[in-house]
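As the structure is a prediction and not an experimental result, all values here were calculated from the model. Protein chains get the first letters and strands the later ones, always in sequence-line order, with residue 1 at the start of each. Heavy-atom basis, side chains included; hydrogens, waters and symmetry copies ignored.
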2 protein chains.
Amino acid sequence: MSLTRTRARRATINDVADAAGLSRGTVSRVVNGEKYVSEEARQAVEEAIARVGYVRNSAARNLVTQESKAIGLIIHEPHSLLFEDPNIGSILLGANEVLSKADYQLVSLIIDSDRDSRRVADYLRGGLVDGAVIISARASDPIAAAVADIGLPAAFVGHPDGNPDLPYAAIDNVEAARSITSRLLDTGRQRVGMIASALDRDSGQDRLAGFRAAMGERFDPQMVVEYPLYTYAAGLEGMQELLRRAPGIDGVFAASDAVAAGAMTALQEAGRRVPEDVGIVGFDDSSWALRCRPQLSTVRQPADLLGSTAAELVLAQLKGQPSQPRVLETAIMWRGSA
Amino acid sequence: MSLTRTRARRATINDVADAAGLSRGTVSRVVNGEKYVSEEARQAVEEAIARVGYVRNSAARNLVTQESKAIGLIIHEPHSLLFEDPNIGSILLGANEVLSKADYQLVSLIIDSDRDSRRVADYLRGGLVDGAVIISARASDPIAAAVADIGLPAAFVGHPDGNPDLPYAAIDNVEAARSITSRLLDTGRQRVGMIASALDRDSGQDRLAGFRAAMGERFDPQMVVEYPLYTYAAGLEGMQELLRRAPGIDGVFAASDAVAAGAMTALQEAGRRVPEDVGIVGFDDSSWALRCRPQLSTVRQPADLLGSTAAELVLAQLKGQPSQPRVLETAIMWRGSA
DNA sequence: GATGGTTCTGTGAACGTTCCCAGAATGACG
DNA sequence: CGTCATTCTGGGAACGTTCACAGAACCATC
């Protein structure tokens, strides 16, 4: 079997007009569902469209209307997180739902190299999208700067420092982390540590800050280990390191559920019982949480809402409305792990 | 803080030409890096571009060149799988790498509703992409039909039945499933069952067929439970059901690693030791496999290669080369779970 | 100094739409 | 039967590029 596909010359609106014995203008009106076209003409055009196999050329349309009805979603994640972090999928789906209802097409653009970064910037600049949602930006992200530079309506998911003054949808990571750490302390834990991650991101920084705030005077830098990514592997190694540093540890705040899952495995392999010997709490309430045994006590963050809210912020700008940053509520899900 | 962003009228190539005291044509040549432009002119143009803040309008360019330098990747997954299946991320990244090198932009389009389906079809038809990679198509997928209908160069990841005659990048699921099941039987297991999933997909069907082939006369329909999705939850419930049906079960083939992970949890909660009492094998060799305790024996499928190969198949068609379906190698990773 | 090849620049035409305006046809009303 | 509004249709202009071609300028060669 050999498959070679060639694209035939595509029928244009003029071909349809000729076939229907009507004019360009009328065909355009039918295609766009405008009023002021007779039933007779409508049928003739529709029949002609089917006959010549017409499909509208979006480039031509975008050129004259000066809009694309598409919104870009920029995924700028380190390689491995695209597989591990269930939040990304939720954000994507949340954004898609809102945009879909507003008849916008969501186009996701991955940045995985410097070359991607340049190409995506060109794509955004070129007018192929009317706006952008930027997820997982780091501090001073070059793409965010490019977006602001061209004045493209945009919104962040999260609230990274050092970035241009764009609206964002975020949660209060500091407060949420402070809160769940306090709750962990309230169970009577005496020696509590943290596995911190992603300190190049606002979420990573803020969760550490919240932990520190909750610990107050009891905060001990030695009881914090740091890893670059929110991964299971970080949790596994981080917990082993904490056990080495402080064998008497009896509580752990993991910076994400994936990290907590890794930590739980490490504890169990080390013969510690959860939660009897060591209490452990996570962050995200992602699919990891219910998968752990015991199930994870964690902070619920509404990932899908973050996506949909960011999308709404972009749509608002498109309508010329002012759009305010929005901070969404989190909740503590207390389960069996602490 | 109130952020309202409005887009100013964008500078065109003519504005640059005026500012540089040169013509449209020369500016175009500079922008596209063509030869036959004097050093003097080049500098004048570049300076003018910076001064007026020019960025090329892609719609106009696409219109005249009749190409977009973009490839669509269509993700048509049930909601939950976007979060659970690490293969999707690998496929995405694999495709992105190949396309990026060829200077194509990968744009991912999610289909999560019928409305999405129509909009995405319009997007593909409109000339906004030069080709498409379709992942996770079900039998007789409407999008696949639409793609074939307009003659858009395209390729599948996987090889679903009842779809148009497009090239694909796939693995031999039947043979791989047969092979790992045989290997499981070789460890001396007497009562072996399967947790089958996604029977609406070629992969799901084929893995079941491979299991059946390996079991031969020992195949017992009662020892197969079926679930719609490759999820942890399916594994959890499926294993419980199998234990109910056949308490003496001593081997399980789970249709994916996520399913196997769920099954392992169910077994351990039921007090069965893995692999002593029950041997368990999975499929994918995704990040789940190393995360299980004991680690999972499974079939390694090169998800990133599937993505990059499918991308190559599309690029080949774009160059007018014939493109043949490609079946990639799998390997058995034998670890501790069986 | 004529010839011929480079190198460089300017411009008309085309890509396929939508938008807008002009005008035709139709119908309602006095 | 004239007037005016409403409904419908056609076609010129514009969107911002690239492409092909023509011609100018320059240099080398005979």
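With respect to the salt-bridge test (charged N to carboxylate O, under 4.0 angstrom), the residues A:Glu46 and A:Arg42 do not qualify. No salt bridge links B:Asp122 with B:Arg119; every basic N to acidic carboxylate O contact stays at or beyond 4.0 Å.
Scored by the side chain to side chain contact (heavy atoms under 4.5 Å, CB included) test, A:Ser203 finds A:Asn173, A:Arg201, A:Arg207, A:Tyr230 as partners (sequence neighbours excluded). Scanning for side-chain hydrogen bond (donor to acceptor under 3.5 Å, both in side chains) contacts around B:Glu67 gives an empty result, with sequence neighbours left out. By the side chain to side chain contact (heavy atoms under 4.5 Å, CB included) test, A:Ser308 pairs with A:Val98, A:Leu305, sequence neighbours left out.
Whole-Å rounding puts the B:Ile13 CD1 to D:dA14 C1' distance at 17 Å. One interatomic measurement links the two molecules: CG of A:Leu63 to P of D:dA13, which rounds to 18 Å at whole-angstrom precision. Look at CD on B:Glu67: it is 17 Å from P on D:dT17, rounded to the nearest Å.
Among all heavy-atom pairs drawn from B:Ala310 and B:Phe156, the shortest one is CB-O, 4.1 Å.
Within residues 21-39 of chain B, the residues having any heavy atom closer than 4.0 Å to DNA chain C are, in order of number, B:Leu22, B:Ser23, B:Arg24, B:Gly25, B:Thr26, B:Arg29, B:Tyr36, B:Val37, B:Ser38. A heavy-atom distance below 4.0 Å to DNA chain D is reached by these residues of residues 49-57 of chain B, ordered by number: B:Tyr54, B:Val55, B:Arg56, B:Asn57.
A nucleotide of DNA chain C counts as in contact with chain B when one of its atoms lies under 4.0 Å from a heavy atom; the first and last such, 5' to 3', are C:dT7 to C:dG16.
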Requested in this report: Would you check, one step at a time, whether the test side chain to side chain donor-acceptor pair (under 3.5 Å) holds for B:Ser90 with B:Asp304?
Outcome: CA-CA 5 Å; B:Ser90 296; B:Asp304 52 342; over 6 Å; no
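Of the residues listed (A:Asn62, A:Leu128, A:Leu63), the one engaging B:Ser58 in a side-chain contact (heavy atoms from CB on, under 4.5 Å) is A:Leu128, and it is the only one.
Between B:Asn32 and B:Arg56 there is a side-chain heavy-atom pair separated by less than 4.5 Å. In this structure the side chain of A:Val129 reaches within 4.5 angstrom of the side chain of A:Leu152, judged on heavy atoms.
Residue-level contact check: B:Ala59 touches neither bases nor backbone, having no heavy atom under 4.0 Å from any strand.
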